[in-house]
Amino acid sequence: NYIIKDVLVDGTSVGAVATYTFSSVRANHTIEAQFAHDCPSKPFTDVDITQWYHEGIDYVMLAGLFKGTSSTTFEPNSAMTRAMLVTVLHRLEGNPAATTGNSFTDVASGNWYTDAVAWANAKGIVKGYDSDTFGTNDFITREQLVTILYRYAQYKGYDVSVGEDTNILSYVDALNISEYAIPAIQWACGAGVMQGDGAKLDPQGSATRAQVAAMLMRFIENVAK
């Protein structure tokens with residue numbers, strides 16, 4: 001989405017006006033509209049628009065995938081919960097109805113995340129810790145995040161072969177990656193979805209809301225096409 005940043009009439013700024021009327025036209029004139037990206041994160045007092053995460057937050061807000069934690073806060077550095085992530089993917093998919101009921105005892109009926117968890121579990125996108133426990137309010141780790149994105153990409157039929165030859169051993173904490181997450185992290189690094197922090201991937205670290213926003217933006221732009 002774009003907004004009018006400025007309007008130039010014969011090279012002179014008249015401000016970000018929506019309309020402009022020439023009067024007593026007796027010669028040729030030029031009018032130029034300059035546009036800028038809409039900035040939905042501007043109302044959030046805790047979002048620094050000079051920081052690396054700004055573009056990702058604007059992207060997911062414009063796409064309707066994220067909401068603020070209040071009318072004035074986004075909490076970019078707060079950890080993302082498992083329920084939050086599944087709800088975001090459910091929105092990305094268009095909020096489809098779940099084809100089966102919820103089987104997790106820690107997923108409350110009629111809550112904001114219930115349908116999303118049931119849908120994602122039915123499609124094989126998420127799994128619980130066991131048959132009864134999903135870990136609704138647990139902070140999602142970075143390796144869990146990319147594993148869920150990997151399964152979602154497979155569910156959508158996207159090409160995930162890009163990561164098969166990706167060498168992740170150059171990261172100093174590569175041995176901290178859980179075995180189940182290795183293919184997903186190889187794919188995420190190869191597809192440009194996951195980026196390390198310097199020489200580290202921090203697979204066991206909690207994924208922040210800002211990090212998830214940035215990864216989702218890269219996923220949509222690099223994979224979902």
Are the side chain of [X] and the backbone of [Y] linked by a donor-acceptor contact shorter than 3.5 Å?
X	Y	result
Asn111	Thr114	no
Ser70	Thr72	yes
Asn102	Val107	yes
Gln144	Thr141	yes
Thr105	Asp132	yes
Asp46	Thr73	no
Arg142	Gly205	no
Gln204	Asn176	yes
Gln51	Asp48	no
Asp173	Leu201	yes

Do [X] and [Y] land in one hydrophobic cluster if side-chain heavy atoms of ILVMFWY residues count as linked below 4.5 Å?
X	Y	answer
Tyr180	Leu85	no
Leu62	Leu65	no
Val172	Ile177	no
Met194	Leu169	no
Tyr152	Ile182	yes

(message) Do Val223 and Asp159 make a side-chain contact, defined as non-hydrogen atoms from C-beta onward lying under 4.5 Å apart?
(response) no
(message) Can you confirm whether Gln211 sits close enough to Trp52 that some side-chain heavy atom of one is under 4.5 Å from a side-chain heavy atom of the other?
(response) yes
(request) Dump the intermediate steps for side chain to side chain contact (heavy atoms under 4.5 Å, CB included) on Arg209 and Phe74, then the final yes or no. (result) CA-CA 8 Å; Arg209 286 169 55 84; Phe74 183 85; 3.6 Å; yes
(message) Test: side chain to side chain donor-acceptor pair (under 3.5 Å). Region: residues 8-22. Which pairs qualify, not counting sequence neighbours?
(response) Asp6-Ser13, Asp10-His29
In Å, rounded to the nearest 0.5 Å, how long is the span from [atom1] of [X] to [atom2] of [Y]?
X	Y	atom1	atom2	answer
Met80	Thr87	CE	OG1	8.0 Å
Arg91	Leu216	CZ	CG	11.0 Å
Arg82	Leu145	CZ	CG	11.0 Å
Arg218	Glu55	CZ	CD	9.5 Å

Tell me the closest heavy-atom pair linking [X] and [Y], and the distance in Å.
X	Y	result
Trp187	Val146	CZ3-O, 3.9 Å
Glu75	Thr69	OE2-OG1, 3.1 Å
Phe219	Val193	CA-CG2, 4.0 Å
Ala79	Ser206	CB-CB, 4.0 Å
Gly190	Thr166	CA-OG1, 3.5 Å
Thr30	Gly11	OG1-N, 4.3 Å

(request) Show your reasoning for whether side chain to side chain contact (heavy atoms under 4.5 Å, CB included) applies to Glu221 and Tyr59. (result) CA-CA 11 Å; Glu221 291 185 339; Tyr59 187 97; 3.6 Å; yes
(request) Hey, could you give me each pair passing ring-ring contact (aromatic ring centres under 6.0 Å, His included) that has a residue in residues 120-147? Not counting sequence neighbours. (result) Phe104-Phe134
Distance-only donor-acceptor pairs under 3.5 Å for side chains of residues 118-127, two or more places apart:
none

(request) Apply the test side chain to side chain contact (heavy atoms under 4.5 Å, CB included) to residues Thr81 and Thr136: give CA-CA distance (whole Å), side-chain angles for both, the deciding distance (0.1 Å), then the verdict. (result) CA-CA 7 Å; Thr81 67; Thr136 310; over 6 Å; no
(request) Check step by step if side chain to side chain contact (heavy atoms under 4.5 Å, CB included) holds for Tyr150 and Ile185. (result) CA-CA 8 Å; Tyr150 181 67; Ile185 290 184; over 6 Å; no
(request) Give a yes or no on whether Ile31 atom CD1 has more than 12 heavy-atom contacts from other residues, nucleotides or ligands under 6.0 Å away. (result) yes
